[in-house]
Structures are given as structure tokens and as C-alpha cells.
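Data block below; observations after.
Nothing here was measured: the structure is a model prediction, and the numbers come from that model.
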Amino acid sequence: MLRREGPLRLGVGGPVGSGKTALVAELCRRLGGELELAAVTNDIYTREDAEFLQRAAVLPEGRVAAVETGGCPHTAIRDDVSMNLEAVEALERDFAPLDLVFVESGGDNLAASFSPELVHASIYVIDVAGGDKVPRKGGPGVTRSELLIVNKTDLAPLVGADLSVMDRDARALRGEAPTLFASVLHGDGMEDVVGWVRAAVEHREWVPATSTARADHHHGDGAHAH
Amino acid sequence: MRGAPLLRALQVSDTAFPTGAFSHSMGLEAFYEAGELAGAEDLDRLARLHLSSLATSDCVALRAAYAADLEELFRVDALLSATKLTRELRAASSSTGRRFLASVVALGVEDGTLLALTRAARAGETPGNAAVGYGAAAPALGMGADEAVLAYLYASAASLVAAGQKLIPLGGGAAQRILFGLAEALLKASEESAGLEADDMYAFAPAVDVRSMLHERQRTRLYIS
């Protein structure tokens, strides 16, 4: 199990194209001045996401590591997290002391979730263009992530997505765990997302998604203090 | 407990045992890119080539590491790394090896030498090659040297075949037929390794080395190596 010491390891998961890399880049831009950051990306086929972060220059040189996952992005964050741990530990060693390490999964389906041996908490990113029924479909990304972000809210009228339906369905499945609506590209809703991440880094506490709450979150201590 | 070593060998050589091996193709992806991995026959040929190289390097190191003291483990570990000519093959062996050691220690196996090797590998004081990790872990797990070599060879072959299966792609039946057919080659590799000392280790598979080097600059890649 992960220890409480060291930087917060924050998973960022979600389907292909929902805005995971854009979110990580935006969070780096907004938090880079106050926190020591690094990121690991799990591209499916190329180093596109890692290169995007490098080109965007949101992190200092060397702080983005790419991990190829043998065509199994879910395995790499859930079942056998070995190569991600190698990358995370190398960043933590080379750039100590860090405050926050993002672990961005490859774009996957709704069945993906992060191993508690890899990250302390995770954000799951979906977007309105994937259909307003996605929260209702559940799956561990929606039900077990500490923060659910519904991205691209600006597109909702264009794709016929009803945000109130998404909000209602997410609430029903996630209990008290937060769901935030945002348009990462335009900055809408980002203050709340940044606020959540900042609090997670500072206090190591978050509300568990109650429908499938992890056992180690029951006693009020948000961290995995094993 | 009779049969316990078999159970231990099955567990640590299982693809579900966390080592990250599923992220590595050991150069196969570059053979695929070059059009030299197009079907079951190619995969069978390349797997045999890989195994013949392991017979005179990894398997020899594993036997030398079996029940060795820490100083000898470091020596064997360094010698084995020296047989691996390419950056990706060296990194694949040491990154999966470090994770193999961490996963064995996480089982709760208590062995002073094993713990010391695990810590040294993690701290970067020794490469922590997978074969050396197997050799160091085997006595603590109750496995004999021969069993450990076969378990290691099997795990290597299974992960290679799985990578080839996804790259080509092949069906599960075809992939398992290849693995089944490799049994004799695995036994032969194990036997051959018993005749060499750590100082005699070598690996000779230049085609694999060249492909492994080209893989570093491959644009589209599913695998780390």
C-alpha cells in the first residue's frame, strides 16, 4: 500500500478524448507556481500525450515521463502497475521533493480504475459529447473516483446533452463525492477543480464515493496510511 | 509440504505476478515494424532465438545467483548487465527485475539477502536483473535451481509469445500452440545453462540487438522495449 509520506499521487483517468491531457496541462499551468509537479502519461500507441505536455512547456524539463503499456492501459494502472511505479519513483527521486505527481492513464473504457498501490486518489474525466447517459452507466471510474469531472460543458447544447441529468445520475451513484462541471479549454469551472486538487495535496483528505467506498477511507483519514 | 515449490513457481511465473513484463516486447515490436514478424512461424523462430540467448546469459546468472551471498549477487548482476548490449534490453531486465523483487518481498517472504538485494536494486546500487532476482528469490520460495530456471524461461517465453500475439495479431489458440511447442527449447536452454559459469556468460543474437536499438526511435509503439 502507498504511504502517506512523499508527494500526492493523483490518477487521471477517462475515456479517449475526454480531455485528460488538457486537464493535466491546465492544472500544471495553474498550480506550477505554488507546487512542485511532475507527470507520468500512459499513451496507447505513441508519445503524443507526453509530447503535448512537453511542447506546452507546462512543466520543467524532464518532469514528464511516458510509459508504454503493451496495449493494455487498464492493466498498467489497475492490475500490474509495475512500470508506472518505476516511472513515478524515478521522478520522485530525480526531482525531490515533489508535492504532486499526476498519473494519466491511457484513454480507456468505463471499466478502468486505479490501483490503490499506484495512486492515493484519482480524478475521472468524462465529457458531455460522450452522451449524457455516461454517469448513469456507472463503472468504477464514475463510482470510485474521488473527483468526477464532466468536461466540455460548452458543447452541451450542440450535442443535446442535459447537464442536470448528468448531475442527478452522478449524485445518485457517487454519494457525497464531488462531481464538477468544467470546460477545461475555456477555463470555465477550473477554479473549483484547482481548489479540490490543492486541498487534496494539502490535507490528504477527500470524500470517498460512497457507493463503492474503499475500506481504508471509512475512518475519516483520507490517506492510505499503511 | 510436498508440491509447495511447484505452487510457488506457478505463482511467480504467472503473467499476473506484477513485474510489468506485459509492457515489454524485447525487440519484437521492431521486428514487427520491419515486416519480419508477420505470422506464427516468425514468432516461433524469434522466440527460439531469444531463448537461445537467455540460455547462455540470464539462465547462467540465475544459477549463479541461486543461494549466493550479496557480494556474489552484485558481481553476477553486473556481469549479466554486461551481456545486454542495448539500452532497452538492459532497462527491461532491470526494471522488471526490480519489480519482481518488490513483489516477492511484498508476499512477506523473509530472507535477509533477498531484502538487501531488493533495497540495493531500488537504490540503484545494482541493476537488479530479473534473472538474478529469480535466483535470489528461489531458495526463499523453496524452489530448486532447475525449477527456478524453468519457471524463469517459461515466464519469459509466455510474455514474449503474448507480445507477439498482440502485434501480429494471432488468436489465443495459435499463440498457445507456439508456447506448447517451445517446451523442448526451454528444457534445452535450462540444460545448456548448467554447463556454464558466471564468468562464461555471453549473449549472441545480433538481430535482436539491432532491432532493439531501432525500437528506441520507433514512432508508433505499444511496448517499452
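With contacts defined as side-chain heavy-atom distances shorter than 4.5 Å, the pair Ser95(B)/Glu86(A) qualifies.
Glu92(A) has no carboxylate O lying under 4.0 Å from a charged side-chain N of Arg122(B), or vice versa, which leaves the two without a salt bridge. Note on Glu89(A) versus Arg99(B): salt bridge recorded, some NZ/NE/NH1/NH2 to OD/OE distance being below 4.0 Å.
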For this session: I would like to know whether His24(B) and Met83(A) meet side chain to side chain contact (heavy atoms under 4.5 Å, CB included); could you show each step before the answer?
Result: CA-CA 10 Å; His24(B) 291 277; Met83(A) 292 301 112; 3.5 Å; yes

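Neither the backbone nor the side chain of Ser103(B) has a heavy atom closer than 4.5 Å to any heavy atom of chain A. Interface remark: Phe100(B) contributes no atoms to any contact with chain A (heavy atom separation under 4.5 Å). Within the 4.5 angstrom heavy-atom criterion, no atom of Ala66(A) approaches chain B.
For OH of Tyr32(B), the number of neighbouring non-hydrogen atoms (other residues, nucleotides, ligands) closer than 6.0 Å is 12 at most. For Glu34(A), the CD atom is densely surrounded, since the number of other residues' heavy atoms within 6.0 Å is greater than 12. Within 6.0 Å of the CZ atom in Arg217(B), the count of heavy atoms belonging to other residues, nucleotides or ligands does not exceed 12.
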Taking distance alone, no hydrogens or angles, what donor-acceptor pairs closer than 3.5 Å link side-chain atoms of residues 154-177 of chain B to residues at least two apart or in another chain?
from, atom 1, to, atom 2, distance (Å)
Ser156(B), OG, Tyr152(B), O, 2.8
Lys166(B), NZ, Gly70(A), O, 2.6

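With rounding to the nearest 0.5 angstrom, the OG atom of Ser82(A) is 9.0 Å from the CZ atom of Phe17(B).
Note: Thr69(A) leads Asp79(A), Val81(A), Thr69(A), Asn84(A) in heavy-atom pairs under 4.5 Å with chain B.
Checked by atom type and distance alone, the side chain of Asp80(A) pairs as donor or acceptor with a backbone atom of Thr19(B) at under 3.5 Å.
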